[in-house]
There are 2 protein chains.
Amino acid sequence: MIDLARHLTRVSQRHVLNADEIAAIRDLPDEVRIFPPRSTVIREGEVIDRSTLLLSGFMCRAKQLPNGKRHMAELHVSGDFIDLHSYTLKRLDHDIETLNSCQLAFVPHHRLQAMFEAFPRLARIYWFHTSLDAANHRHWVTSIAQAQALERIATLFCEMALRLEIVGLTREGSFDFPLTQTDLGDCLGLTPVHVNRVLKTLRERELAVFRNGRVDILDQAGLRDLAQFDPAYLYLEPEPL
Amino acid sequence: MIDLARHLTRVSQRHVLNADEIAAIRDLPDEVRIFPPRSTVIREGEVIDRSTLLLSGFMCRAKQLPNGKRHMAELHVSGDFIDLHSYTLKRLDHDIETLNSCQLAFVPHHRLQAMFEAFPRLARIYWFHTSLDAANHRHWVTSIAQAQALERIATLFCEMALRLEIVGLTREGSFDFPLTQTDLGDCLGLTPVHVNRVLKTLRERELAVFRNGRVDILDQAGLRDLAQFDPAYLYLEPEPL
DNA sequence: CGTTGCCTTGAGGTGCGTCAAGTAATGTGG
DNA sequence: CCACATTACTTGACGCACCTCAAGGCAACG
């Protein structure tokens, strides 16, 4: 039995699902595979006919730039449908990579289509989830354009803590976060050197510690205050109406 | 008769529509209104039950920041469905504002839902269009994180020229672009002062001139080269398969 | 004809990048 | 068990892209 518990928890955060819908979702995957750390699961541009559900591990959407630089447009945690947008886009504008060892479930697009026709409400629900991506991107483009490094890193820690808490992957403000300082820089548009200095500041202010692929939030209120963190862009509240 | 020609042109760029689908789309709007320049059509956070089609004019999605700064996450041109994502998100994480005088058509969400049930393919097609938003955001978060000001402004001019050409709003590399230099800065994460200097450079290099709410591209090849412009993120090709 | 909005330019400051060197932890093979 | 890579982290010195502050120009407008 494929363990979709985290995915279902995540979806249920906003939309209450009935038994038939849950059964339909459980039937989606046709294959489960483990990928090693730092592997590229999907390459930019290739036309694909299935989407990928992240059962466990951390992944990212990475853009490779012509000048050799690299940018991570989004991070993904257990339970995320990491490339549902390939259902409509057919090809991706970015790579999909693992950060640590990841368990992935693959869902053929034709099964999605069949499910959406049988359960039109699920189509709206999954459409919502791709809209969430866009909302997340909007948040980050704004943050990177307008906020400075300290605030950005603090914001990222706040966001990840919240997202991981939903799927039960935090403990007392601490969570695994298998990134290097270079990765953090690639997420936030900073050099590893500067990331290092900012992390030192966060440590000295006793707000958060990032070490050995793990984040310990020491002062959540202080960190949120520094980040001016408002989780509205994550749309965690139940659907209105 | 409401003029959806530009919208239909835009949709047809990727998906060929049949007569029934076109008729269904034409039936969507229940109201058309003109909004003056610099007006806020939708405010962040309000729960809404209709979406907005931009018939003519320029609009933007603007985020107001707690510190008084402002960021435009996306620009919209004639023919764009500017807040289709409110169909799934119910509230927006940003304001929707006009830049110049705009003609808008409003589409109640219940009509969208009825159309999507009658024409499931149209659901996928419009889902695609919200996925496009996300792809656009990914492009810009990467650009702002990794590229410098000159390159970013050049990229924006390239993107707008392409998007406006599709709906017939360019003439020989020139197009209306009713933004101030401050607006450009709000799009790209730059101060008006620096935008001004970069525009001067573009002028001096005889690549592009931005003046009086109008862009004249003098050397498209040179501008694209400077911007390292690759339009893949706009998904302008016809749908694969 | 003063006000207002936008553009322009200069002078000086700063957040972050670049370059460079060194440390620590882990792994590899002889 | 020890040389030697390799990878990630750390810190210092210095430079640059962009910001801030400030002043002035110009056109539109009541």
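The chains referred to below are lettered A, B, ... by the order of the sequence lines, with proteins before strands, and numbering in each begins at 1.
- Take B:Tyr233 and apply the ring-ring contact (aromatic ring centres under 6.0 Å, His included) test, not counting sequence neighbours, and it matches B:His139.
- Residues in residues 29-81 of chain B take part in these ring pair (Phe, Tyr, Trp, His ring centres under 6.0 Å) pairs, two or more places apart or across chains: B:His7-B:Phe81, B:Phe81-B:Tyr126.
- One end of the helix from C:dC1-D:dG30 to C:dG30-D:dC1 points its axis 30° away from the other end's axis, with each axis taken from 5 pairs and the angle rounded to 10°.
- For the residue pair B:Gln103 / B:Asp3, no side-chain donor-acceptor distance below 3.5 Å is found, with atom types taken as modelled.
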Contact state string [nucleotides 15-27 of chain C, B base, S sugar-phosphate only, - no protein heavy atom under 4.0 Å]: SBSBB--------
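- The side chain to side chain donor-acceptor pair (under 3.5 Å) pairs that include a residue from residues 194-212 of chain B are B:Gln181-B:Asn196, where partners are two or more places apart or lie in different chains.
- Taking the centre and axis of the six-membered ring of B:Tyr87, the NZ or CZ atom of B:Arg50 falls outside the cone set by 45° and 6.0 Å.
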Show every donor-acceptor pair shorter than 3.5 Å between a side-chain atom in residues 217-228 of chain B and any protein atom, with sequence neighbours excluded, or say none if there are none.
unit_1   : atom_1 : unit_2   : atom_2 : d
B:Asp219 : OD1    : B:Ala221 : N      : 3.4
B:Asp219 : OD1    : B:Gly222 : N      : 2.8

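- Shown here are the ring-ring contact (aromatic ring centres under 6.0 Å, His included) partners of B:His137, two or more places apart in sequence or in another chain: there are none.
- Scanning for side-chain contact (heavy atoms from CB on, under 4.5 Å) contacts around B:Gln64 gives B:Ala62, B:Arg70, B:Asp95, B:Glu97, with sequence neighbours left out.
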May I have the list of side-chain donor-acceptor pairs in residues 39-49 of chain B shorter than 3.5 Å, sequence neighbours left out?
unit_1  : atom_1 : unit_2  : atom_2 : d
B:Ser39 : OG     : B:Pro36 : O      : 2.7
B:Ser39 : OG     : B:Thr98 : OG1    : 3.0
B:Glu46 : OE2    : B:Arg43 : N      : 2.8

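- Ion pairing between a basic and an acidic side chain is recognised when a charged N comes within 4.0 Å of a carboxylate O; A:Arg38 and A:Asp183 show such pairing.
- Near DNA chain C, defined here as any heavy-atom distance below 4.0 Å, the residues from residues 201-216 of chain B are B:Arg203, listed numerically.
- Between chain B and DNA chain D, the heavy-atom contact criterion of under 4.0 Å yields a 5' to 3' nucleotide range of D:dA17 to D:dC21.
- Qualifying ring-ring contact (aromatic ring centres under 6.0 Å, His included) partners for B:His85, counting only residues two or more places apart in sequence or in other chains: B:His94.
- Residue B:Asn196 places none of its side-chain N or O atoms closer than 4.0 Å to OP1 or OP2 of C:dC7.
- With respect to B:Glu74 and B:Lys63, no salt bridge is recorded, no charged nitrogen being found less than 4.0 Å from a carboxylate O.
- C:dC6 atom P lies 16 Å from atom CZ of B:Phe177, rounded to whole Å.
- Annotation: A:Arg214, atom CZ; neighbour count of heavy atoms from other residues, nucleotides and ligands within 6.0 Å is above 12.
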